[in-house]
Structure formats: structure tokens, C-alpha cells
Amino acid sequence: MHEGKIVKALSGFYYVLTDQNEIIECRGRGVFRKHKITPLVGDYVVFQLESGQKGYILEVKERKNMLIRPPISNVDQAILVFSATEPDFSPSLLDRFLVLIESNCIKPVICITKIDLLDEDELAKIKRYANDYENAGYPVLLTSAETGEGIEKVREYLKGKTSVFAGQSGVGKSSMLNALRPELELKTADISSHLGRGKHTTRHVELIEIDGGLVADTPGFSSLDFQSLNAEDLDSCFPEMARLSNQCKFRGCLHMGEPQCAVKKAVEKGEIPQYRYDHYQLFLQEIKDRKPRY
Ligand SMILES: Nc1nc2c(ncn2[C@@H]2O[C@H](COP(=O)(O)OP(=O)(O)OP(=O)(O)O)[C@@H](O)[C@H]2O)c(=O)[nH]1
Ligand SMILES: [Mg+2]
Ligand SMILES: [Zn+2]
């Protein structure tokens with residue numbers, strides 16, 4: 001009996017990384033399908049070796065967490081990759097990712113790419129955003145795969161952890177990984193072809209070793225709705241609001257105009273950026289309008 005971690009799933013095969021740093025091609029047990037168990041990239045598994053260095057997965061160990069899209073488990077942190085330009089930096093999309101990641105109990109790290117393409121004014125604007133997100137409590141890294149700026153900081157964050165790179169198509173996730181480990185030679189594509197076909201260049205989920213950590217270059221998050229989040233829990237996904245919510249007069253305050261709301265007050269005083277609060281309101285409305293699932 002052996003143990004390892006699934007680092008790639010492709011065409012019914014699972015590629016399991018062992019403690020000896022070997023990758024064993026495995027199949028799943030037939031019984032998994034019957035019990036609706038789908039082994040995921042990131043899973044810790046027990047497997048048996050068959051003839052010719054092929055294996056057979058016997059057991060999937062309990063997961064710390066899992067994401068559906070991209071399908072991956074046991075994630076320590078998500079590197080949210082957003083380009084400063086091409087495509088334009090979008091705080092509303094970033095806030096959506098942050099809520100999604102926070103509600104899955106995964107630590108986010110914000111990575112803003114392509115800063116080499118900015119002029120002085122544009123860079124100043126991006127730095128103001130970076131400052132807002134740092135004040136909220138997130139690490140923010142300004143990077144360029146082109147010039148190498150900030151790449152060593154990204155490397156520091158990856159050490160010893162399982163991370164997913166997430167973000168829109170074309171923001172430069174694969175380019176960043178190539179900058180971290182040039183021999184990877186991951187496929188990248190210029191933005192016009194992204195927009196033209198609206199497709200991701202990276203198609204499958206795979207964990208890649210970088211400096212003793214494992215990183216998934218994902219095909220991006222396709223579903224960004226808040227299916228499993230309750231209205232009362234949304235503020236816990238906005239750290240700067242979560243810190244204040246116990247100072248609101250009412251327990252369970254949704255910060256939508258209730259009297260003596262500490263969050264609303266902080267927004268009025270400019271301590272919480274208006275756009276963050278606007279996104280909070282927008283997402284809250286989406287959760288309230290959500291059709292019940294049975
Ligand atoms: N100037 C500049 N261009 C970059 C940078 N990072 C990525 N690019 C370019 O942006 C385009 C898209 O990069 P990719 O790495 O393929 O983007 P991706 O996020 O992996 O996209 P998907 O795999 O489709 O999700 C490519 O043409 C890259 O050369 C950067 O830091 N600076
Ligand atoms: Mg890619
Ligand atoms: Zn409140």
C-alpha cells in the first residue's frame with residue numbers, strides 16, 4: 001500500500017505524486033463510480049501498485065476543502081491573478097473572486113500582473129487599489145512576467161503550500177508560472193485570440209511543483225455565483241466589514257441601512273472604499289434573489 005497526492009487527472013487516469021517524488025499513473029476503483037466518488041486533483045490517496053509501475057487508487061482521504069470549478073481539493077491558498085490592463089483591472093470581478101474564495105475557507109493572495117504596460121497615471125491608480133485591498137487585509141503583489149518585477153515575492157508565497165492560480169482568461173496566469181519556472185514552457189496565448197474565441201488556453205487542472213510548493217494553473221473559474229452562501233455570512237467575506245460588524249447595534253445587521261451600523265458609518269467616513277461596499281450590496285441582492293435549490 002502506498003500514499004500520495006493526485007497532481008493531474010486526464011482521460012480517466014490519475015497521476016499520483018509520492019513521497020519519493022515519483023509520479024504513478026493510477027486508475028480509480030470501479031466502486032468509486034457507484035458511490036459517486038470522483039477523485040480530484042489535490043486529493044491525498046491510498047493506492048496499490050500493479051504490474052509495470054501502474055497503480056490502482058483504493059481510497060480517497062478526507063478533504064480539507066474543495067472547489068467545483070476548477071475541480072481541485074485541499075487548497076491552502078488562491079493566487080487571484082488580475083491584470084492591471086489587457087483586460088482592464090476589474091475590482092468588481094476581484095471582489096466576486098474574493099467572496100468565493102473566502103467562503104470556501106481558502107486564503108486569497110492578490111496578484112496584479114502586466115504592470116509593465118502601465119504609464120505613470122495608470123500605475124498610480126493601480127497602487128491606490130492595491131492600498132485599499134491591503135487595508136482590507138489582503139496581501140497584494142504587483143508583478144510583471146515580462147520584466148520579472150514582483151516574481152520573487154510570488155515565489156515566497158508559494159513555498160510549501162498547495163495554491164491555485166485563478167483569474168480570467170488572458171490575465172497572465174501561465175506566463176507567471178513560466179516566469180517562476182521557465183522550463184515549464186506552459187502554453188500562453190495573446191489576448192486577441194482569447195477575446196476572439198472566449199476560450200481558455202489552459203484546459204485541464206494540473207498541480208505543478210514550484211520551490212517545494214504545488215501550484216495549479218487552472219483554466220479559470222467559470223462559475224462565480226454564491227450558491228452556498230447565506231446573506232448573514234456575506235460580511236464575513238469582506239474582512240474590513242467583518243472587523244466592524246460586532247460594533248453594529250443589531251446582531252445580524254446586514255449593513256443595509258439599519259440604525260447605528262458601524263459598517264455604514266465607516267463607508268461614510270471613507271474608511272471603507274465606497275466600491276467595496278457597493279459590491280457587498282450587489283452580492284447581497286444576488287443572494288436574496290437566488291432561487292432556492294432542492
Ligand atoms: N506585457 C505583459 N504581457 C503579459 C504579462 N503576462 C502575460 N502577458 C501576455 O498576456 C497574454 C495572456 O497570457 P497567458 O499567460 O496565456 O494568460 P492565462 O491567464 O494563462 O490565460 P488562460 O490560460 O486562457 O486562462 C500573453 O500574450 C502573454 O504574453 C506581463 O506581465 N506583461
Ligand atoms: Mg493559461
Ligand atoms: Zn451593520
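We count ligands from 1, going down the list as the structure has it; atoms in each ligand are counted the same way.
- At a 3.5 angstrom cut-off on N or O pairs, Thr188 does not count as close to ligand 1.
- The pair Glu240-Arg276 meets the salt-bridge criterion, since a charged nitrogen lies less than 4.0 angstrom from a carboxylate oxygen.
- When side chains are defined from C-beta on, Phe250 does not count as touching Gln260, because their heavy atoms never get closer than 4.5 Å.
- Of the options Ala166, Ser175, Gly170, Pro87, the smallest heavy-atom separation from atom 21 (O) of ligand 1 is shown by Gly170.
- Counting non-hydrogen atoms of other residues, nucleotides and ligands closer than 6.0 Å to CZ of Arg27 gives a total of 12 or fewer.
- Between Glu156 and Lys159 there is a salt bridge, since at least one side-chain N of the basic residue sits less than 4.0 Å from a carboxylate O of the acidic one.
- At a threshold of 4.0 Å, the pair Asp76-Lys107 does not count as salt-bridged, since none of the basic side-chain nitrogens sits closer than that to a carboxylate oxygen.
- In summary, Thr188 places no N/O/S atom under 2.8 Å from the Mg ion (ligand 2), failing the contact criterion.
- A salt bridge is defined here as a Lys NZ or Arg NE, NH1 or NH2 lying under 4.0 Å from an Asp or Glu carboxylate O, and Glu183 with Arg181 meets this definition.
- Close contacts of ligand 1 with Ala145, meaning ligand atoms under 4.0 Å from a residue heavy atom, involve 6 (N), 30 (C), 31 (O).
- Residue contacts with ligand 1 for Leu117 involve side-chain atoms from C-beta outward but no N, CA, C or O (heavy atoms, distance under 4.0 Å).
- Contacts between Asp116 and ligand 1, counted as non-hydrogen atom pairs separated by less than 4.0 Å, involve the side chain only.
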*Determine, step by step, whether Tyr56 and Phe47 satisfy the ring-ring contact (aromatic ring centres under 6.0 Å, His included) criterion, reporting the C-alpha distance in whole Å, the side-chain angles of both residues, the deciding distance to 0.1 Å, and the verdict.*
CA-CA 5 Å; Tyr56 200 90; Phe47 68 96; over 10 Å; no

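- Every atom of ligand 1 is numbered from 1 in the order shown, and the set under 4.0 Å from a heavy atom of Glu146 is 1 (N), 2 (C), 30 (C), 31 (O), 32 (N).
- Annotation: angle subtended at the Zn ion (ligand 3) by His255 ND1 and Cys253 SG is 110°, to 10°.
- Considering both main-chain and side-chain atoms, Gly167 never comes within under 3.5 Å of ligand 1 through any nitrogen or oxygen pair.
- Taking only nitrogen or oxygen atoms, main chain and side chain alike, Lys173 reaches within less than 3.5 Å of ligand 1.
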